[in-house]
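Here's the structure, in structure tokens; my notes come after.
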Amino acid sequence: MGSFDLYLVGWQLIDPQVFIMIFFGTLLGIIVGALPGLTATMAVSIIVPLTYKMSPVVSILMLLGVYCGGNYGGSISACLINIPGTPSAIMTGLDGHPLARRGKAGLAIGMATLASVIGGLFSVFILAAFSPIIANIALKFKSLEIFGVALFGLSVIAYVSPGSTLKGIMVGFFGLLVATIGFDPTLGVSRFGFGSTNLLGGIDFVSAMIGLFGMSEMLANIEKTKKERDFGFLQEKVTKTWDALKYIRKLKAVLLRSSIVGVIIGAIPGAGGTIAAITAYGLQKKVSKYSHLMGQGSLEGIAAPESSNNACTGGAMTPLLSLGIPGDAVTAVLIGAFIIHGIVPGPMMYTTNPDMVSAIFIGMLLANIMILLIGMPGAKYISKLLKIPSQILNSLIIALCIIGTFAIKNSLFDTCVMLVFGGIGYLLSKAKVPKAPIVLALVLGPIMEENLRRWASLAEGKYWTEFVNAVLTNPVTLSMVLATLAVLLAPVIMKKKHFSEDDIQFTSTTGDTDPNEIIFAEKKK
Amino acid sequence: MKDFVFSAIMMALSLFIFIASEAFAAKGNNALSLAYNPAFYPRVLAFSLFIMACVLMFQSIRKGSLKNVRIHIDRQKLVKVLKLFLIVLLYIVGINYAGYIISSVICIFLSIAIYGGSRKQAFVYCIIITVALYLIFQIGFRIPLPKGDIFEYWR
Amino acid sequence: MKRKMFVVLCLIGMCSFAFAGGGNERSAEGEPQYPKGDISVLIAAAAGGGNDLLVRALLPSLERTLKVSVVPVNQPGGRGAIAFNEVASARPDGQKLYFNSKSVLLMKFNGIEEANMDRLVPVAQVAEDVTIFFVRSDSPIKNIKDLINHIKTSKERVKSANSGMGALWHLSQILFCQTIGSDNILSIAYPAGSSAMLTALVSGEVEFVTCGPEAKSFIDAGKVRPLCVVYPGRYPSFPDIPTLKEETGLDYDYPVWRGFFTTEGTDPKVLKILSDALKTAVESEEFKKFTAIGMIASFKDSKTFGEIVDKEQKSLEVLMPGVMAQIKSADSSGGKK
């Protein structure tokens, strides 16, 4: 950690221009995040070359603003129209939307904003204080441990399926099977390609997600009459976002827990905001006393994923700064931004460019504060974007879904994937089968398979001995095994019937829940 | 009944996986190897899925779904959904052959109309949206939007 | 009302023709009109990666020389097959370029049948990579001789990482094994690339890794120890690392080039214009900044590059079938000498 110099010296680099660019970056990130069809990764990758002409500090801090803002922005559309604007907001909508439908849109968004800011700030402090230590721990993860993390994340499926757990797990397996399309991770053999070059590339999970949650929502929408479509709460203003402040104290355990999860997952190379949000939500559902309220408008269900996905930002920057290794997709692109400006991220940065490192800490701090300043009062203006008459808004979203998925890799195949999954998603909601497990499976499945099979090939047939060896010698492996076992066995041991079909009503997008029953974590305490 | 159909589809899918994976399954020594048989992992998944589908099917039969075979389908709504699906399909195909601008204008117009907008409103907004997206993507993000195959031959 | 709409639709149709026309069309009188509008460079890698940054570093100079927009398009799909296909089946007018490293030659052997190099023509090479051997910094292996001894004498197969079976770095290891006369290694794929390979090295999962200069940040962090480079002389970016030949007297030829290709059948005059423009770009300021991460700029014009590609293709035709067969028959139950 050293002296405080590291934290103060960056101020020299920050002048009014930088402030303004951070503001713009964050605002841009929030807007891009709020629009379904556009993702934060896309925005950052596209802006990197545009910052060529700017000074390094300005461009990198602006990109960090886009990064942080993007992770937050998705929650706005997730709450208001039940379509996550970015994959990392997938879990936010599960509670944010029902809450908004009850007329408490301001509260939902306020909570999402505060949680994002708190998570983000927490991760910046951790980044600044602990970067070398955390990065070192993450580096000790071998294939078996990474497999464990992925498995742990997947076992969360059982917890996030409102309604039938069995159907949730089944559709999760469906997702895992879809994830096997493409090249085999160990041998490079093509699987399920059916002769199509496009299929060989696998199914892009962002396109699938946009289809499952965006397109299918649009298809479902057309069934309703125009009146039904213009949801009541959209006519109301998104007001009283600051109301959420009242609940922060009671949610401090949730926020802390989820932020820690976010930082750790961010630090693991390859795992990003989406996984962080999913894991935090699942974890919260497991440990919460009011877990049966989650999925119906509980504030915990908003706070957990949002603080986690923003905490991921600081977490992902940690290995980037201390080791030059990106913690997630966006930071991988950020490496490019650094290099364009002649800075090679890595431990040498702390000695050769301490002012830059320090400026980054300060910049991320500022970006998170900007989220607060923009989100709280401004969400209602951003939400106005979503207030346009539904026929126009829906058509705009459809166009964005199509062009957005095309823009990811310049391929209309991705757009076709989007459409196919749109159809699948529509049919699934009709059959009352949860959709979230598919996305989880698409994201975690490949990681799980790659690492499991790699471990298997390294073990050269001596599976049991290698496994026992790892558990006994590596504390990380041990904790991983224990955590996964805990998640899988907990319901059996605790005999809590959270997940039987009879208890929980399936909350679909057209769910009718009694508006008189206001469910907040606070009320029950 | 819906559960029954869902589990039936999942069973069919599992069988399909087994058949389709023959093309790349390792034979002989490596057949049951997790590490070296590309088909092992998908087959294990498919097998588990099959078992779960059986369980679900059993559950749904017990709940009496075979007694009440009629699935309630609202024909009007279904037609609307299919129309929208076709519009999007048209958009995708159109982008490839006629380019972004023409397809966008036509399909967005149709989309607004099918959602209940007036013809005038649809017309005005389809132009606005097409132009706005063009500006954002082609100019702002510098992602080239497809120009359409038929135009390639006019040069 | 209907007629008005029809008229407006026609107007729009005509406008889109104009849009479709594309960028500038300046050219001197009498010269072949090249480039005719925007050039697109298809990069078989995701945005932000090594290949991508390299191309983007060349763009400003290319645009200055050719006076049109040069647009980078990322198409990592199908391990580069999609981008390959698109350029290979485009019109041979030099408007679509394809950028990749030597990996493009290996695609065909890895099951991507359309990646037939006859469909593309080389334009120019712009950079050069090199194979570097790494071990963990606290490993008992201090130099490449130790590693060779270890491989020859170890009872269990020595574990190493590559970026894909039959791909770039794996092939380098196979040639290495042939050179030292022992194949007692177990090389495992990390499709995510060099950073995953190096991370696995640092975590102790594998014992050695071969990759390129992108490992610079790991070297600087003190996490890995470079043992040697496989290069005709010392590699300019890392002059302190000895060559394989210096340390052992053995050597193998493995140039890892990165360059541009375009559709087969393109006019040689167009190729020359592109090649010259790329030469200028390689010497530009922006590109110099980029090569600071370790890769070296190395320009070879279309003729020379074409010869290099041909030569390598021929040797791969001989080598690869054996390699792929070896991979397919990999045994899952323990080491074999």
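Note: hydrogens, waters and symmetry copies are ignored here, and every other heavy atom, side chains too, is used. Each chain gets a letter, A, B and so on, in the order the sequences are listed, and its residues count up from 1.
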From Thr415(A) atom OG1 to Asn96(B) atom CG, the distance as rounded to the nearest 0.5 Å: 10.0 Å

Measuring from Asp184(A):CG to Tyr41(B):OH, what's the distance to the nearest 0.5 Å? 11.0 Å

I want to check something: taking the side chain as every heavy atom from C-beta on, are Ile392(A) and Ile129(B) in contact at a cut-off of under 4.5 Å? yes

Taking the six-membered ring for Trp and the full ring for Phe, Tyr or His, determine whether the centres of Tyr426(A) and Phe85(B) are under 6.0 Å apart. no

Engaged part of Phe16(B) at the chain A interface, taking heavy atoms whose separation is under 4.5 Å: side chain

From CA spacing to verdict: side chain to side chain contact (heavy atoms under 4.5 Å, CB included), Phe6(B), Lys430(A): CA-CA 11 Å; Phe6(B) 178 66; Lys430(A) 284 288 161 195; over 6 Å; no

Checked Ser111(B), Pro42(B), Pro38(B) vs chain A; the most non-hydrogen pairs under 4.5 Å come from Pro38(B)

Quick one, Phe406(A) and Ile92(B) - any side-chain contact, counting heavy atoms below 4.5 Å? no

Name the region of Met218(A), side chain, backbone, both or neither, that has any atom closer than 4.5 Å to a heavy atom of chain B. both

Value rounded to 0.5 Å, distance of CG in Leu82(B) from CD1 in Ile222(A): 10.5 Å

The test is side chain to side chain contact (heavy atoms under 4.5 Å, CB included); show your working for Ser395(A) and Tyr125(B) and say whether it passes. CA-CA 9 Å; Ser395(A) 307; Tyr125(B) 278 100; over 6 Å; no

Working for side chain to side chain contact (heavy atoms under 4.5 Å, CB included), residues Val88(B) and Leu219(A): CA-CA 10 Å; Val88(B) 177; Leu219(A) 288 170; over 6 Å; no

Begin from the C-alpha positions of Gln59(B) and Leu166(A) and carry the test side chain to side chain contact (heavy atoms under 4.5 Å, CB included) through to its verdict. CA-CA 11 Å; Gln59(B) 273 184 0; Leu166(A) 181 61; 4.2 Å; yes

Leu396(A) side chain near Ile108(B) side chain, heavy-atom distance below 4.5 Å: no

In terms of heavy-atom proximity below 4.5 Å to chain A, should Met10(B) be classed as side chain, backbone, both, or neither? side chain

Counting neighbours of CZ on Phe18(B) that are heavy atoms of other residues, nucleotides or ligands and sit closer than 6.0 Å, is the number greater than 12? yes

Rounded to the nearest 0.5 angstrom, the OG-CE distance for Ser48(B) and Met170(A) is 11.0 Å

Against chain A, label Leu13(B) side chain, backbone, both or neither, depending on which of its atoms sit under 4.5 Å from a heavy atom there. side chain

So, the part of Leu419(A) with a heavy atom under 4.5 Å from chain B: the answer is both

Are any non-hydrogen side-chain atoms of Ile403(A) and Tyr134(B) less than 4.5 angstrom apart? no

Interchain contact, Thr186(A) with chain B, by part (heavy-atom threshold 4.5 Å): side chain

For Ala53(B), is it the side chain, the backbone, both or neither that has a heavy atom under 4.5 Å from a heavy atom of chain A? both

So which part of Gln76(B) gets closer than 4.5 Å to some heavy atom of chain A, the side chain, the backbone, both or neither? neither

How far does OG1 of Thr180(A) sit from CZ of Arg43(B), to the nearest 0.5 angstrom? 12.0 Å

Which region of Leu89(B), side chain (C-beta onward) or backbone (N, CA, C, O), has a non-hydrogen atom less than 4.5 Å from a non-hydrogen atom of chain A, or is it both or neither? both

Between CD1 of Ile17(B) and CG of Leu177(A), what distance do you get to the nearest 0.5 Å? 4.5 Å

Judged by atom type as modelled, is there a donor-acceptor pair below 3.5 Å linking the side chain of Arg191(A) to the main-chain atoms of Phe24(B)? no

So for Ile402(A), is it side chain, backbone, both, or neither that comes closer than 4.5 Å to the heavy atoms of chain B? side chain

I need the minimum non-hydrogen distance between Lys77(B) and Glu223(A), along with the two atoms involved. CE-O, 3.5 Å

Ignoring hydrogens, what is the shortest heavy-atom contact between Asp3(B) and Ala431(A)? Give both atom names and the distance. OD1-O, 4.4 Å

